[in-house]
Amino acid sequence: MFDLFKKKTTDAFFVPVDGQFVPLSEVADPVFSQKMMGEGYGIQPTSTEIYSPVKGVVTTIFQTKHAIGLTGHSGTEVLIHIGLDTVELAGKPFEVHVHEGQKVDEKTLLVTADFDQIRTAGKADVVLTLLTNGGESFDSLEKKSLRHGELLNK
């Protein structure tokens, strides 16, 4: 009952990879652009290193290495999804640097991705950060170049 009066905390979100901000509504896959997987944002990468966008713990590493699930300290469930349709690449362009249960922060390298291999396979290389258990939209953020570790203010 008294939880009603507690201030709800939210996790801070950091840029996971150097690149250009892309509103989720502009991602070229309706599953993401129509927010069926939740709110979030994309980054058109200019670097191969992908870091954690939240302080929390690694909860899931997909067998195909194209996606990693995280849970932030305040309970936000986050999915890092690397590229579009990259599940079809069977993990080949990805090197995972973390393990399930590992504590992470914005300085933790999650994955190194070979974006040349992803593009050569005809796949889009956008890196998505998705809030799978709800959250506010990032779509109004300015489209600009960002560096990993920068705090994203909604």
Would you say the side-chain atoms of Glu100 pair up with the backbone N or O of Ile61, donor to acceptor, closer than 3.5 Å? yes
When rounded to the nearest 0.5 Å, the distance separating CG of Leu131 from CD of Glu39 is 7.5 Å
How about Gln102 and Thr108: do any of their side-chain heavy atoms sit closer than 4.5 Å? yes
Pairing of Lys123 and Glu88 as salt bridge, 4.0 angstrom limit: yes
Tell me whether Glu150 contacts the main-chain N or O of Arg147 through its side chain, where contact means a donor paired with an acceptor under 3.5 Å. yes
Do the side chain of Asp11 and the main chain of His73 share a donor and acceptor less than 3.5 angstrom apart? yes
Nearest-0.5 Å distance that lies between atom CZ in Phe32 and atom CG in Leu24: 8.5 Å
Take Val27 and Leu84 through the test side-chain contact (heavy atoms from CB on, under 4.5 Å) and record every step on the way to the result. CA-CA 9 Å; Val27 171; Leu84 302 180; 4.1 Å; yes
Checking Ser47 against His148 for the side chain to side chain donor-acceptor pair (under 3.5 Å) test, could you report, in this order, the C-alpha distance in whole Å, the side-chain angles of both residues, the deciding distance, and whether it holds? CA-CA 9 Å; Ser47 171; His148 91 268; over 6 Å; no
Transitively linked via ILVMFWY side-chain contacts under 4.5 Å: Val17 with Leu146? yes
Once rounded to the nearest 0.5 Å, what's the spacing between atom CG of Leu152 and atom OG1 of Thr129? 8.0 Å
Just so I know, are the side chains of Val127 and Phe115 near enough to count as touching, which here means a heavy-atom distance under 4.5 Å? yes
Given side-chain contact (heavy atoms from CB on, under 4.5 Å), test Thr86 with Phe94 step by step and report yes or no. CA-CA 10 Å; Thr86 51; Phe94 309 110; 3.9 Å; yes
Any side-chain to backbone donor/acceptor pair from Asn133 onto Gly75? Under 3.5 Å, distance only. yes
Non-hydrogen atoms of Ala113 and Ile82 that approach each other most closely: CB-CG2, 4.2 Å
Do Thr59 side-chain atoms and Gly69 backbone N/O form a donor-acceptor pair below 3.5 Å? yes
Where do Val78 and Pro53 come nearest, in terms of heavy atoms and distance? CG1-CG, 4.0 Å
Quick one: CD1 on Ile43 to CG on Asp125, what's the gap to the nearest 0.5 Å? 12.0 Å
Heavy-atom closest contact (Val96 atom, Val98 atom, distance): CG1-O, 3.4 Å
Is a side-chain donor or acceptor of Asp105 paired with a backbone partner of Ser52 at a separation under 3.5 angstrom? no
Ile68 versus Thr60: any side-chain heavy-atom pair under 4.5 Å? no
How long is the straight-line distance from CG of Asp29 back to CE of Met37, given to the nearest 0.5 Å? 10.0 Å
Over all heavy atoms of both residues, which pair between Phe14 and Glu106 is shortest? Give the atoms and the distance, please. CG-CB, 3.5 Å
Using side-chain heavy atoms (C-beta onward) and a distance below 4.5 Å, is Leu141 in contact with Tyr41? no
Give the minimum heavy-atom separation between Ile80 and Pro16, together with the two atoms involved. CD1-CB, 4.4 Å
Measure centre to centre between the rings of Phe21 and Phe138, then say whether the value is under 6.0 Å. no
Would you check, one step at a time, whether the test side chain to side chain donor-acceptor pair (under 3.5 Å) holds for Gln20 with Ser145? CA-CA 4 Å; Gln20 187 77 22; Ser145 291; 3.1 Å; yes
For residues Ile50 and Leu70: do they belong to one hydrophobic cluster (side chain heavy atoms under 4.5 Å, members Ile, Leu, Val, Met, Phe, Trp, Tyr)? yes
So, taking the atom named NE2 in His66 and the one named NE2 in His81, what distance separates them when rounded to the nearest 0.5 Å? 3.5 Å
Test your reading of the model: is there a side-chain donor-acceptor pair from Thr76 to the backbone of Gly72, 3.5 Å cut-off? no
If you group Ile, Leu, Val, Met, Phe, Trp and Tyr by side-chain heavy-atom gaps below 4.5 Å, do Leu79 and Leu128 land in one group? yes
Check this for me: Lys55, atom NZ, are more than 12 non-hydrogen atoms of other residues, nucleotides or ligands nearer than 6.0 Å? no
Do Val58 and Thr71 come within less than 4.5 Å of each other through their side chains, counting heavy atoms only? no
So, for Gly40 and Asp139, which heavy atoms are closest and what is the spacing to 0.1 Å? O-OD1, 4.4 Å
Side-chain donor or acceptor of Gln117 paired with backbone N/O of Asp114 under 3.5 Å: no
Does the side-chain contact (heavy atoms from CB on, under 4.5 Å) test come out yes or no for Val111 and Glu95, once each step is laid out? CA-CA 5 Å; Val111 178; Glu95 181 182 353; 5.8 Å; no
Are Val104 and Val54 connected in the hydrophobic side-chain network, where two residues link if heavy atoms are under 4.5 Å apart? yes
Leu109-Phe13 co-clustered via ILVMFWY side chain contacts under 4.5 Å: no
